[in-house]
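Everything below concerns the one structure shown next.
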Amino acid sequence: NVQRNENHPDITSLLEAVRKASNANILMYCAASNTKATTKSNDPYFPGGFNEVTAIGAADWDQIRKPYVGGDADYLFPGDYVLNGPDGKPTKEGGNSAATALAAGMAALILFCIKKSGEEIRTPARTGMGKVFGDLLRVSGETVNFVDIKNLVSQNSDKSWPSHKAVVDRAQSLIAGSTESKTRKTR
């Protein structure tokens, strides 16, 4: 994400490319902005500020929003222990970028399982995936947009991996053509 005036030539060019991709039914995710005490501008962050892009922020494993996550995050995903360090062991470092990779990977898994099942996706990808993520939201204290990935990948409390059919069952909003979404983006 870059913070610029929305009328900046780079931003208008980026918006044109984003809209072209959106019209081609391509899902787009970006890391939410990081808040900094030194940031004095009120300019929005892009591409997260575009309606066609879903901004992803980081939460810890207790589903608490990380303190640096900007207010532009549409969804929160785990951002700790997502990446491996140089020693090959999970590291707590990660943040919004790692959470974004997890969100994009989850979306890819969902789309793969739908295609593997022979089902047809009848909803625009962003709308349908927003509904799937919205169906997995878990409200925890002040965190209202945490996507509880365990609800997608666990058939029951034993954390076993589901068949592709179980994932497809969770993703019916992409198949059925539902247009409602629980995303909170209002831009």
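Pairing each heavy atom of A73 with each of G57, the nearest pair is CB-N, 3.9 Å. Of all heavy-atom pairs between A98 and G79, the closest is CB-O, 4.2 Å. Contact between V53 and P47 at its shortest, heavy atoms only, is CB-O, 3.4 Å. Looking at every heavy atom in both residues, A107 comes nearest to F133 through CB-CZ, 4.4 Å. Between A31 and T100 the shortest heavy-atom distance is CA-OG1, 3.1 Å.
Applying the salt bridge (charged side-chain N to carboxylate O under 4.0 Å, His left out) test to residues at least two apart or on different chains, the pairs with a partner in residues 78-88 are K66-D80.
No side-chain donor-acceptor contact under 3.5 Å links D72 to the backbone of A32. Under the 3.5 Å distance criterion, the side-chain polar atoms of D60 are matched with a main-chain donor or acceptor of D62. Of the possible donor and acceptor atoms, one in the side chain of S117 sits under 3.5 Å from a partner among the backbone N and O of I114.
A distance of 12.0 Å separates CZ in F77 from CD in Q63, rounded to the nearest 0.5 Å. How far OG1 of T54 is from OH of Y75: 6.5 Å, rounded to the nearest 0.5 Å. Atom CG of N96 and atom SG of C30 lie 9.5 Å apart (nearest 0.5 Å). Taken to the nearest 0.5 Å, the CD atom of E16 stands 8.0 Å off from the OG1 atom of T12. To the nearest 0.5 angstrom, D74 atom CG is 10.0 Å from Y29 atom OH.
The side-chain contact (heavy atoms from CB on, under 4.5 Å) test with M106 is passed by exactly one of L102, I110, L109: I110.
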Identify all side-chain donor-acceptor contacts of residues 18-27 below 3.5 Å with residues at least two apart in sequence or on another chain.
unit_1, atom_1, unit_2, atom_2, d
R19, NE, E52, OE2, 3.1
N23, ND2, R19, O, 3.2
N25, OD1, A125, N, 2.6

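At least one side-chain heavy atom of I11 sits less than 4.5 Å from a side-chain heavy atom of F50. Side-chain contact check for L76 versus V69: some heavy-atom pair is nearer than 4.5 Å.
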